[in-house]
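Each chain gets a letter, A, B and so on, in the order its sequence line appears, and its residues count up from 1. Atom set for the values below is all heavy atoms of this structure, side chains included, hydrogens, waters and symmetry mates excluded.
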2 protein chains.
Amino acid sequence: MSTHAIHSDALAQKLADSGLRNTPQREVVYDALLKKRDHPTADEVFARVKPQLPGISLATVYNCLETLTQCDLVRAVNFERGPTRYCPNLHQHAHFHDETTGATHDIELPAALIAKIKSVLPPGYKADALEITFRGKLPASR
Amino acid sequence: MSTHAIHSDALAQKLADSGLRNTPQREVVYDALLKKRDHPTADEVFARVKPQLPGISLATVYNCLETLTQCDLVRAVNFERGPTRYCPNLHQHAHFHDETTGATHDIELPAALIAKIKSVLPPGYKADALEITFRGKLPASR
DNA sequence: GCCCTTCTTTAGAATTATTCCAATTACGAC
DNA sequence: GTCGTAATTGGAATAATTCTAAAGAAGGGC
């Protein structure tokens, strides 16, 4: 079974779990995120799926991204006031936002560190989500 | 010397350092942030300063907040797609965003932990800024 | 297979937060 | 005082996203 098929199954499964239908639009949007993991914006996703589904609308892309986020297949990421970006990496991870290129890199976080960070919360605080973002410049040589 | 005067001096000083002028608008905006540290939006700041300076415009509030941020007197904070919020706490700290009330609480971070977090970055990555946000629910009893 | 209900998609209008712009207004230096 | 720059103002403009109403599939029960 190809990687694509595995992911496609995961999509169908997760959608079914939430009582939602699998549609061509949702498939191509999810596919686009998996194929190029550069944290695209909704607009960028729209541009990427258009060739495969010329009739798709931007509103649908927004709908699909929202649905995928709800199903925990995709994570929405925000950097300051910029447009929301989407990331199919479900692993708990941080983001490094390169100010020179505007690119975003995933930074894996050891589970122990995450636990340690959550432990600074005062008693009674319970975190459902933890968002960690670095901002900086990468040497141009990369 | 009152706390206010100290802060007012800090404002004048920092502005002068950047070759900027101190204006009544900048003073009341900064004052509003210091007086009620609940991470207000630009709109909220606008509403709070209006009584003291009825002629002030929303554009000016945005300008002042931007200026204060540039001078490192204030930090701009973003939660997902919401409006930018402003925080006069310059201490390195994280934010806890309470999903029930929408309130934001500052979480102080030990310097050692910050260092540890930064140390997970691969070689070559240099972080100028680090943003840490928790999202969750606080017991209603608070 | 057909009908009914529900879920999706679509195009375009509407909204929200923010920035831009051009025209005053206010300082500070000389 | 005058001049040049900086700051403020109101309104128009923009960007990203959401809303809305209508049309289009898709299953389930018969």
Side-chain angles (χ1 to χ4, degrees), chain A residues 11-12 14-32 39-50 52-71 73-86 102 104, chain B residues 11-32 39-50 52-71 73-87 102 104:
Chain A
L11 171 62
K14 288 270 194 175
L15 286 171
D17 289 352
S18 311
L20 301 170
R21 294 175 188 162
N22 195 1
T23 67
Q25 288 85 348
R26 286 170 181 170
E27 286 213 351
V28 296
V29 166
Y30 188 42
D31 249 40
H39 305 81
T41 64
D43 262 322
E44 285 163 354
V45 172
F46 182 49
R48 289 174 197 185
V49 300
K50 205 116 194 229
Q52 289 143 82
L53 230 52
I56 198 169
S57 79
L58 178 57
T60 300
V61 171
Y62 273 104
N63 290 341
C64 292
L65 290 169
E66 167 69 11
T67 303
L68 295 172
T69 305
Q70 296 299 292
C71 294
L73 284 161
V74 162
R75 209 174 121 189
V77 185
N78 290 283
F79 300 117
E80 0 220 286
R81 286 261 87 220
T84 301
R85 298 175 168 279
Y86 297 88
T104 300
Chain B
L11 171 61
Q13 187 57 58
K14 287 271 194 173
L15 286 170
D17 288 354
S18 310
L20 300 170
R21 294 177 189 162
N22 194 1
T23 68
Q25 289 84 350
R26 285 171 182 170
E27 286 212 352
V28 296
V29 166
Y30 187 42
D31 248 39
H39 304 82
T41 63
D43 262 322
E44 286 164 352
V45 172
F46 182 47
R48 290 175 197 184
V49 300
K50 207 119 193 226
Q52 289 143 82
L53 231 53
I56 198 170
S57 79
L58 179 56
T60 300
V61 171
Y62 273 104
N63 289 342
C64 290
L65 290 169
E66 167 70 12
T67 302
L68 295 172
T69 305
Q70 296 300 292
C71 294
L73 283 162
V74 163
R75 209 173 120 189
V77 185
N78 291 282
F79 300 117
E80 2 221 282
R81 285 265 86 220
T84 301
R85 297 174 168 281
Y86 298 87
C87 171
T104 300

message: Is there, by distance only and without an angle test, a donor paired with an acceptor across the side chain of Arg81(A) and the base of dT19(C) below 3.5 Å?
response: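 By the distance-only test, no, there is no pair.
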message: Quick check: any donor-acceptor pair below 3.5 Å linking the side-chain of Arg21(B) to the base of dT5(D)?
response: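 In this structure, the two groups form a donor-acceptor pair.
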Rounded distance [0.5 Å steps], [atom1] in [X] versus [atom2] in [Y]:
| X | Y | atom1 | atom2 | value |
| --- | --- | --- | --- | --- |
| His39(B) | Glu44(B) | NE2 | CD | 11.5 Å |
| Thr67(B) | Arg26(B) | OG1 | CZ | 4.0 Å |
| Leu65(A) | Leu73(A) | CG | CG | 11.5 Å |
| Leu20(B) | Gln70(B) | CG | CD | 9.0 Å |

For the pair made of [atom1] in [X] and [atom2] in [N], what is the distance, rounded to whole Å?
| X | N | atom1 | atom2 | answer |
| --- | --- | --- | --- | --- |
| Leu68(B) | dT8(D) | CG | P | 10 Å |
| Leu65(A) | dT9(C) | CG | P | 11 Å |
| Phe46(B) | dT8(D) | CZ | P | 14 Å |
| Glu27(A) | dA25(D) | CD | C1' | 15 Å |
| Gln70(A) | dT8(C) | CD | P | 12 Å |
| Asn22(A) | dT6(C) | CG | P | 22 Å |
| Phe79(A) | dA16(D) | CZ | P | 15 Å |
| Leu53(A) | dT9(C) | CG | P | 10 Å |

message: Go nucleotide by nucleotide along DNA chain D from the 5' end; which of Glu66(A) and Ile56(B) gets its closest nucleotide reached first?
response: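 Nearer the 5' end of the strand: Ile56(B).
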Of the listed nucleotides ([options]), which one gets closest to any side-chain atom of [X]?
| X | options | value |
| --- | --- | --- |
| Leu58(A) | dT8(C), dA7(D), dT17(D) | dT17(D) |
| Ser57(B) | dT9(D), dT17(D), dA6(D) | dT9(D) |
| Ala59(A) | dT8(D), dT10(C), dT8(C) | dT10(C) |
| Pro83(B) | dA17(C), dT8(D), dT9(C) | dA17(C) |

message: Assuming nearest nucleotide by heavy-atom distance, tell me which of Pro24(B) and Tyr62(B) is located more 5' along DNA chain C.
response: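 Taking each residue's closest nucleotide, the earlier one in sequence belongs to Tyr62(B).
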Would you say [X] reaches [N]'s phosphate, i.e. side-chain N/O to OP1/OP2 under 4.0 Å?
| X | N | answer |
| --- | --- | --- |
| Gln25(B) | dA26(C) | no |
| Arg26(A) | dT8(C) | yes |
| Thr84(B) | dA17(C) | no |

With heavy atoms under 4.0 Å as the rule, sort [X] into base, sugar-phosphate or nothing.
| X | value |
| --- | --- |
| Thr41(B) | nothing |
| Gly55(B) | sugar-phosphate |
| Thr60(B) | base |

message: Checking the side chain of Glu27(A) only, and the main-chain atoms of Pro24(A) only, is there a donor and an acceptor separated by less than 3.5 Å?
response: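 Looks like no, no N/O pair under 3.5 Å.
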field: Asp43(B) and Pro83(B), any side-chain heavy atoms less than 4.5 Å apart
entry: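 With C-beta onward as the side chain, the pair stays apart.
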